[in-house]
There are 2 protein chains.
Amino acid sequence: METAKITERGRLTRQRIIEATGEQILASGIGGTTLDTVRAATLTSKSQLFHYFPGGKAELVREVADWEGRQLLEAQEPEIHDLGSWESWERWRAMLVDYYIGRGRWACPIGSLATQASMTDPDLASSIAEGMRAWRGLLADGVRRMQRTGTVDGSADSERIATVILAAIQGGLVLSQPERSAWPLEAALDSALAPLHGVATTA
Amino acid sequence: METAKITERGRLTRQRIIEATGEQILASGIGGTTLDTVRAATLTSKSQLFHYFPGGKAELVREVADWEGRQLLEAQEPEIHDLGSWESWERWRAMLVDYYIGRGRWACPIGSLATQASMTDPDLASSIAEGMRAWRGLLADGVRRMQRTGTVDGSADSERIATVILAAIQGGLVLSQPERSAWPLEAALDSALAPLHGVATTA
DNA sequence: TCTTCATTGGACTTCATAGTCCATTCCTAA
DNA sequence: TTAGGAATGGACTATGAAGTCCAATGAAGA
């Protein structure tokens, strides 16, 4: 058994801790999130935090990053595995904007953690980099599907287009966050998506 | 007199503190930068830090943000005030990539601070937002110059194009940082600049 | 029922860091 | 030369947050 004995009740508590920590990190950053505020929000005790996360805060943050990463990918279902038509890309785009802005996140759980912690926690940094690569891979798959249908020039570099789209998301959020407006994100995203519907970038 | 009495010697010390703090923040983040490490790096004493920055760490960080913002704009001189030809844009792009990657920064002093502190320090957040707007304005000026020469479609929204370029920079850096590779930044930037030399986005 | 172990509560310890205070040194101008 | 204020040194305090420890509780199977 890899994970020590854990009952259903324990699993729920553990999950509750992860989700509450995720919310606090998104709202206040890693530095603004303390074990005491997590404890208060989850109605747990110090010993529980260390019982479920023996590695302390660092391990907890890493688990949060993993979980948020999975959530982010799940939120993009089912479109993320389609992306074979412009309509699918449009639905995916709408979902994404809603995920970030509509739900009041205003930041990417992954991208934001990347800039916050990549310099202090190498483990977390590589985990995040891996998540980014996975995400980029799914987008690149979509781009290749568009190339197969002929909508997109077959000679274009699909990985590169996927990277540009990801960068647009992350950069758009960096600008949207302080402005509290969705439009930088939408502008950046639409600009990056332009090559996917056979229309030149018109800005 | 707005600023209290300060001699040339004092001004230099103060500046030394700002620059060292800026380097540490860029390398280790705000949380990873302590007054003690700054003190050690600058060969100063605790009392000096509070003598020059009565508001403590928060004020120091804000001064750093201001100074880094000015540095960032200065680094783009003189091109940032030209940008009237594609060649000028190319020179500007090269300068920028060198500023971030060539000098081992791997992060934007402004964008990185935005995600690190905008949620905890509203003053800093608005100061950063203002810096972003100023920067965007300069880029938009350049875009309009390109429109006047006819290289760029005059009906395009110059502010929007400028925003997309800024987002490409910020997002490119988010991706470049964990990968320790310049190419995400270059890909995003080149894609955003494509509309400026009359070539459709080819990725 | 009883045993065992996961789960929980919460006080306590340790430590890093922001911030305070006062004495001392350095510079400059009268 | 000297007086005054800026600049500096560094010990000290206060605080908050991470992490430890042990006792108490709850649940599930023998």
Side-chain angles (χ1 to χ4, degrees), chain A residues 1-22 24-25 27-65 116-117 119-121 123-124, chain B residues 1-22 24-25 27-65 116-117 119-121 123-124:
Chain A
M1 67 188 87
E2 51 170 10
T3 51
K5 304 276 182 61
I6 189 171
T7 68
E8 181 61 14
R9 181 166 160 231
R11 210 189 53 73
L12 287 175
T13 300
R14 192 186 135 98
Q15 184 60 22
R16 190 155 39 97
I17 293 171
I18 289 179
E19 298 190 16
T21 306
Q24 291 192 14
I25 288 181
S28 317
I30 296 179
T33 299
T34 73
L35 296 186
D36 266 340
T37 58
V38 170
R39 189 186 48 66
T42 53
L43 298 176
T44 54
S45 64
K46 243 356 181 355
S47 67
Q48 280 166 290
L49 297 183
F50 284 87
H51 179 67
Y52 295 112
F53 308 95
K57 187 177 182 180
E59 180 179 345
L60 173 54
V61 171
R62 252 171 270 142
E63 293 285 336
V64 167
Q116 279 184 63
M119 21 212 181
T120 53
D121 188 334
D123 283 350
L124 181 54
Chain B
M1 67 187 94
E2 49 171 15
T3 51
K5 305 276 182 58
I6 189 170
T7 68
E8 179 62 12
R9 179 163 162 237
R11 212 190 50 74
L12 287 176
T13 300
R14 192 186 135 98
Q15 184 59 24
R16 191 155 39 96
I17 293 171
I18 290 178
E19 298 191 15
T21 306
Q24 291 191 14
I25 287 181
S28 318
I30 295 178
T33 299
T34 74
L35 296 186
D36 266 339
T37 58
V38 170
R39 188 187 48 66
T42 54
L43 297 176
T44 54
S45 64
K46 235 17 179 339
S47 68
Q48 280 165 291
L49 297 184
F50 284 86
H51 179 67
Y52 295 113
F53 307 95
K57 187 177 181 180
E59 181 179 344
L60 174 54
V61 170
R62 252 171 273 143
E63 293 285 335
V64 167
Q116 278 185 64
M119 24 213 181
T120 54
D121 188 334
D123 284 350
L124 180 54

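Everything numeric here is computed off the predicted structure, so don't read it as measured data.
Annotation: side-chain hydrogen bond (donor to acceptor under 3.5 Å, both in side chains) contacts of B/Q15 (sequence neighbours excluded): B/E19. By the side chain to side chain contact (heavy atoms under 4.5 Å, CB included) test, B/R62 is found to be paired with B/A58, B/D121, B/D123, B/L124, residues two or more places apart in sequence or in another chain being considered. Partners of B/R9 according to the salt bridge (charged side-chain N to carboxylate O under 4.0 Å, His left out) rule, which considers only residues two or more places apart in sequence or in another chain, do not exist here.
Contact of the A/T44 side chain with the A/R16 side chain is registered, since non-hydrogen atoms from C-beta on lie closer than 4.5 Å. A 4.5 Å side-chain heavy-atom check between B/R11 and B/E8 finds at least one atom pair inside the cut-off.
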Provide a list of protein-nucleic acid N or O atom pairs under 3.5 angstrom, restricted to nucleotides 25-28 of chain D.
none

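Remark: A/L43, A/T44, A/S45, A/K46, A/S47, A/Q48, A/H51, A/Y52 in residues 43-56 of chain A come within less than 4.0 Å of DNA chain C through at least one heavy atom. Of the residues in residues 11-21 of chain B, not one comes within less than 4.0 Å of DNA chain C through any heavy atom. Near DNA chain D, defined here as any heavy-atom distance below 4.0 Å, there are no residues from residues 28-42 of chain B.
Taking CZ of A/R14 as the start and OG1 of A/T42 as the end, the distance is 13.5 Å to the nearest 0.5 Å. Here A/T13 contributes atom OG1 and A/I18 contributes atom CD1; the two are 11.5 Å apart, rounded to the nearest 0.5 Å. Taken to the nearest 0.5 Å, the CG atom of A/L43 stands 11.0 Å off from the CD1 atom of A/I17.
When all heavy atoms are compared, the tightest approach of B/R39 to B/K46 is CD-N, 3.6 Å. The two residues B/Q116 and B/M119 make their nearest non-hydrogen contact at O-CE, 4.5 Å.
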Show the atom names and distances, to 0.1 Å, of all donor-acceptor pairs under 3.5 Å that link a side chain in residues 48-56 of chain A to residues at least two apart or in another chain.
residue : atom : partner : partner atom : Å
A/Q48   : OE1  : A/S45   : N            : 2.7
A/Q48   : OE1  : A/S45   : OG           : 3.1

For residues 27-35 of chain A, tabulate all N or O donor-acceptor pairs below 3.5 Å that involve a side-chain atom, not counting sequence neighbours.
residue : atom : partner : partner atom : Å
A/T33   : OG1  : A/Q24   : O            : 3.3
A/T33   : OG1  : A/I25   : N            : 3.4
A/T33   : OG1  : A/G29   : O            : 2.8
A/T34   : OG1  : A/D36   : N            : 3.3
A/T34   : OG1  : A/T37   : N            : 3.1
A/T34   : OG1  : A/T37   : OG1          : 3.4

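Note that the first and last nucleotides of DNA chain C, 5' to 3', having any atom under 4.0 angstrom from a heavy atom of chain B are C/dT17 to C/dC27.
Taking atom NZ of A/K57 as the reference point, atom C1' of D/dA17 lies 8 Å away to the nearest angstrom.
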